[in-house]
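Just follow the structure's listing: the first ligand is 1, and inside any ligand the first atom is 1.
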Amino acid sequence: GKQGYPYFMAKEIDEQPTCIRRILSNYLVNNDIEFGFGGTLDDALKNFNRICIVACGTALHAGIMGAQLFKKWTGINVDTEMASEFIYSDTTVGPDTLFIAVSQSGETIDTLEALRKAKEAGALCLAILNVRGSSISRVADYTLYTDAGPEIAVASTKAYTTQMLMFYMLALKSGLVRGTITEEYFEEATSNLRKIPDAMAEVIGQKDAIHKLAKEVITASDLFMIGRGLDYTVLMEGALKLKEISYIHSEAYAAGELKHGPIALISEGTPVIAAVTQTHLISKALSNVKEIRARGANVVLIAKNELKADFSDEYHVIGLPDLDDEYMSFPEIVALQIYSYYVSADKGLDVDKPRNLAKVVTVE
Ligand code: M6R
């Protein structure tokens, strides 16, 4: 049941620190990351020079994060594709490819068909799933389970963060076995992973402040989310959350792309969420924020706590715990989940069962 929560989504948001802790305690063994399978998956991670990641919706967003991490820590070539497009497109996937399908339910028909196609083409197939014994697990060569427990709300929350964590671990382990990151770097990384649950819990503790900001957009028809680098990747998921449960049209834009078109949509009062958690990109991201503010946008900044004071005079700020930049995606998405949740609930919508959507999509 909902255990006293008004909606499953609220409960599932709050469960995330526990879900992340569970995965860490299962996979982080003596400062190493162990996937089991007698080390055969590690060999695959070491030997493949091509990865293709395919999924739908939120799971695709986790995959896009995964692709960035593989590139960052291993330099491997990674393609990500929407399952619905992958099925009918020309593909170069073959025996040289590690193919990764991501799915909460393990039953999404497009993702299942994509996996079958990759398998037929001779790729080694890894699945990241939540539901044990699902159809996709029966086709995959290897399955990693996120074990987040049943996700009832149509809007995915704990499935996303646990899928992302799987990708962090896969990419880090790949970097270690391939020698593209040092042991010291790996240790530093695992100590960051261990900090994620508390960081997420800290954001959950700021619910009320986030709720206050959410109240300001309940009558909005459009909302834009802008950021660079990993922020942009997280915002794609944030924008999906908001649109599917609040029915506000929301889009994520890479901040650097604004000038190439989307800035035409900004006018007096347009709500914009700008994420600026990536230190090396911050001055560029802020200059984009200034441009849209000059055009009248109402900006909420998402920034590390250490910078909050610098911005609070000029902007509404959601402050996040100070992890190393690469790990900010976890507290950041929790803030966006909570924000979307309150917009939907305050509009009096059925948060758990948004119109036109099903939890599992079994038709192409
Ligand atoms: O079960 P799956 O992870 O394969 O589902 C994929 C998408 O249908 C799913 O993530 C969908 O986008 C959610 N409604 C997002 O909140």
Do any nitrogen or oxygen atoms of Ser156 come within less than 3.5 Å of a nitrogen or oxygen of ligand 1?
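N/O-N/O distance below 3.5 Å exists for this pair.
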Under 3.5 Å between some N or O of ligand 1 and some N or O of Glu244?
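Yes, there is a polar N/O contact under 3.5 Å.
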Does the gap between the ring centers of Phe70 and Phe48 come in under 6.0 Å?
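Phe70 vs Phe48: aromatic centres not under 6.0 Å.
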Report yes if the distance between the aromatic ring centroids of Tyr341 and Tyr5 is under 6.0 Å, otherwise no.
no
Write out the residue and atom name of the closest protein heavy atom to [atom], then the distance separating them to 0.1 Å.
| atom | value |
| --- | --- |
| atom 9 (C) of ligand 1 | Thr58 N, 4.1 Å |
| atom 13 (C) of ligand 1 | Val154 O, 3.7 Å |
| atom 1 (O) of ligand 1 | Ser105 OG, 2.7 Å |
| atom 6 (C) of ligand 1 | Cys56 O, 3.4 Å |
| atom 8 (O) of ligand 1 | Val361 CG2, 4.3 Å |
| atom 3 (O) of ligand 1 | Gln104 N, 2.6 Å |
| atom 5 (O) of ligand 1 | Thr108 OG1, 3.5 Å |

What about Val361 and Val139, same hydrophobic cluster or not, with Ile/Leu/Val/Met/Phe/Trp/Tyr joined at side-chain heavy-atom distances under 4.5 Å?
no
At a 4.0 Å threshold, what atoms of ligand 1 neighbour a non-hydrogen atom of [X]?
| X | value |
| --- | --- |
| Gly57 | 12 (O) |
| Ala155 | 16 (O) |
| Ala59 | 3 (O), 10 (O) |

Does ligand 1 have an atom under 4.0 Å from some heavy atom of Val360?
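For ligand 1, residue contact (heavy atoms, under 4.0 Å) with Val360 is absent.
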Under 4.0 Å, counting heavy atoms only: does Lys241 come that close to any atom of ligand 1?
yes
When you measure from the side chain of Gln206 to the backbone N and O of Gly319, does any donor-acceptor pair fall under 3.5 Å?
yes
Please check: side-chain N/O of Asp325 versus main-chain N/O of Gln278, any donor-acceptor pairing under 3.5 Å?
no
List the atom pairs, donor and acceptor, that lie under 3.5 Å between side-chain atoms in residues 208-221 and the rest of the protein, sequence neighbours left out.
unit_1	atom_1	unit_2	atom_2	d
His211	NE2	Asp346	OD1	3.3
His211	NE2	Asp346	OD2	2.8

Run the side chain to side chain donor-acceptor pair (under 3.5 Å) test against Thr162 and tell me which residues pass, sequence neighbours left out.
none
Salt-bridge criterion met for Arg116 and Glu120 (N-O under 4.0 Å)
no
When you measure from the centre of the six-membered ring of Phe35, is the NZ or CZ of Lys173 closer than 6.0 Å and no more than 45° off the axis?
no
